[in-house]
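What follows is a single structure, written as structure tokens, with notes after it.
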Amino acid sequence: MPIRMEEVTHTYMEGGPFESTAIWNVNLDIKDGEFLGLIGHTGSGKSTLIQHMNGLLKPSEGTVIVNEIRIEKDSKNLRELRQQVGLVFQYPEHQLFEETVALDIAFGPKNLGLSKAEIDLRVREAVQLVGLSFDEIKDRSPFELSGGQRRRVAIAGVLAMKPGILILDEPTAGLDPRGRDEIFNEISVLHKEQGYTIILVSHSMEDIARLADRIIVMNQGQIALTGTPKEVFAHAGELKEMGLDVPQVTNLMLALKEKGLDVPTDIYTVQQAKAVLKQILEGGGNRRA
Ligand SMILES: Nc1ncnc2c1ncn2[C@@H]1O[C@H](COP(=O)(O)OP(=O)(O)O)[C@@H](O)[C@H]1O
Ligand SMILES: [Mg+2]
């Protein structure tokens, strides 16, 4: 079990006048190789939760165990952990600062004290993993790239640390549809072909439904729902009460059902919807014949 959280509570500015508890008594297990989708309204505690998984935040109460490293309130030396769990922040490209793409991606591995040959190799591999051409991009300034490319360079910088577990906090925020598709495709490749354990925070119910093996829904600092996409999106009413939506095709099925059509409502991808609608249309054709 690479990640386990036991009764984790996090309070910001503990003991001060502005003390506020962001997550409460969270219990959770993430399996090796799992693709976990994390959804929830703004302020529900998603970013706080994931920052416990690489030791950036420590629990005020409870325990986080990652690859057998225990993290508690007073734990120290979490450097090793940050290496094993890569965290891609929201708008990670804001942290690019080196003159060239290659130097930027090399920054983390350099801090690990690796040899020059190993650093070069890692940079090259990381660039390829995010679907960019090393020779075309290595000497360019990060600032002359497109938004989608910049973000991929930032993700490559995390991958160059060879983390094994990759957490992405709204990795497609602010990108156009093409940039979004590119990033999601790369994440999918990292999961399927490189065996990465992925934890993805996203507002896009469609993408979460399509990519995740399991979904966790956060609401007011606690886990409100968890299950496969099918199980979670079956709770359309509850999700709406939490200010969340279900995928558009699920809404379509719910609307058709309301109109009296006998359709399943646990549909959450376009492919599934297409199959169901095709069956209905063909069924209708048969009746006419
Ligand atoms: N650094 C911080 N200091 C104080 N409060 C914070 C800090 N970061 C987040 N919070 C508060 O914690 C709660 C959860 O926030 P966050 O984890 O960012 O949620 P989400 O990522 O789901 O939007 C919110 O009420 C937010 O205002
Ligand atoms: Mg957040």
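Because the structure is a prediction, the values reported are computed rather than measured. Numbering of ligands and ligand atoms starts at 1, following listing order.
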How far is [atom] from its nearest protein heavy atom, and which residue and atom name does that atom have?
| atom | value |
| --- | --- |
| atom 20 (P) of ligand 1 | Gly43 N, 3.5 Å |
| atom 18 (O) of ligand 1 | Ser47 CB, 3.8 Å |
| atom 22 (O) of ligand 1 | Lys46 NZ, 2.8 Å |
| atom 16 (P) of ligand 1 | Thr48 OG1, 3.7 Å |
| atom 12 (O) of ligand 1 | Ala22 CB, 3.3 Å |
| atom 19 (O) of ligand 1 | Gly45 N, 3.1 Å |
| atom 9 (C) of ligand 1 | Tyr12 CE1, 3.5 Å |

SB check [X] [Y] (cutoff 4.0 Å):
| X | Y | result |
| --- | --- | --- |
| Lys162 | Glu125 | yes |
| Glu206 | Arg210 | no |
| Arg124 | Asp120 | no |
| Glu98 | Lys110 | no |

### Task
Measure from atom 27 (O) of ligand 1 to the protein's non-hydrogen atoms and state whether any distance is below 4.0 Å.
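No, no protein heavy atom sits under 4.0 Å from atom 27 (O) of ligand 1.
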### Query
Protein heavy atoms: any of them under 4.0 Å from atom 14 (C) of ligand 1?
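Yes.
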### Query
Got a donor-acceptor contact below 3.5 angstrom from the Thr9 side chain to the Trp24 backbone?
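It does not hold such a pair.
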### Query
Which one of Ile167, Leu175, Asp169, Leu168 satisfies the side-chain contact (heavy atoms from CB on, under 4.5 Å) criterion with Pro171?
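Per the side-chain contact (heavy atoms from CB on, under 4.5 Å) rule, the option paired with Pro171 is Leu168, out of Ile167, Leu175, Asp169, Leu168.
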### Query
At a 4.0 Å cut-off, with the gap strictly under it, does some heavy atom of His41 reach an atom of ligand 1?
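True for this residue.
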### Query
Under 2.8 Å from the Mg ion (ligand 2), is there an N/O/S atom belonging to Ser47?
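Ser47 does place an N, O or S atom closer than 2.8 Å to the Mg ion (ligand 2).
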### Query
Which class fits the ring pair His10 and Tyr12: parallel under 30°, tilted 30 to 60°, perpendicular over 60°?
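Because their plane-to-plane angle is over 60°, the rings of His10 and Tyr12 count as perpendicular.
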### Query
Using 30° and 60° as the class limits, which term best fits the ring planes of Tyr268 and Phe233: parallel, tilted or perpendicular?
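Geometry flag for Phe233 against Tyr268: tilted rings.
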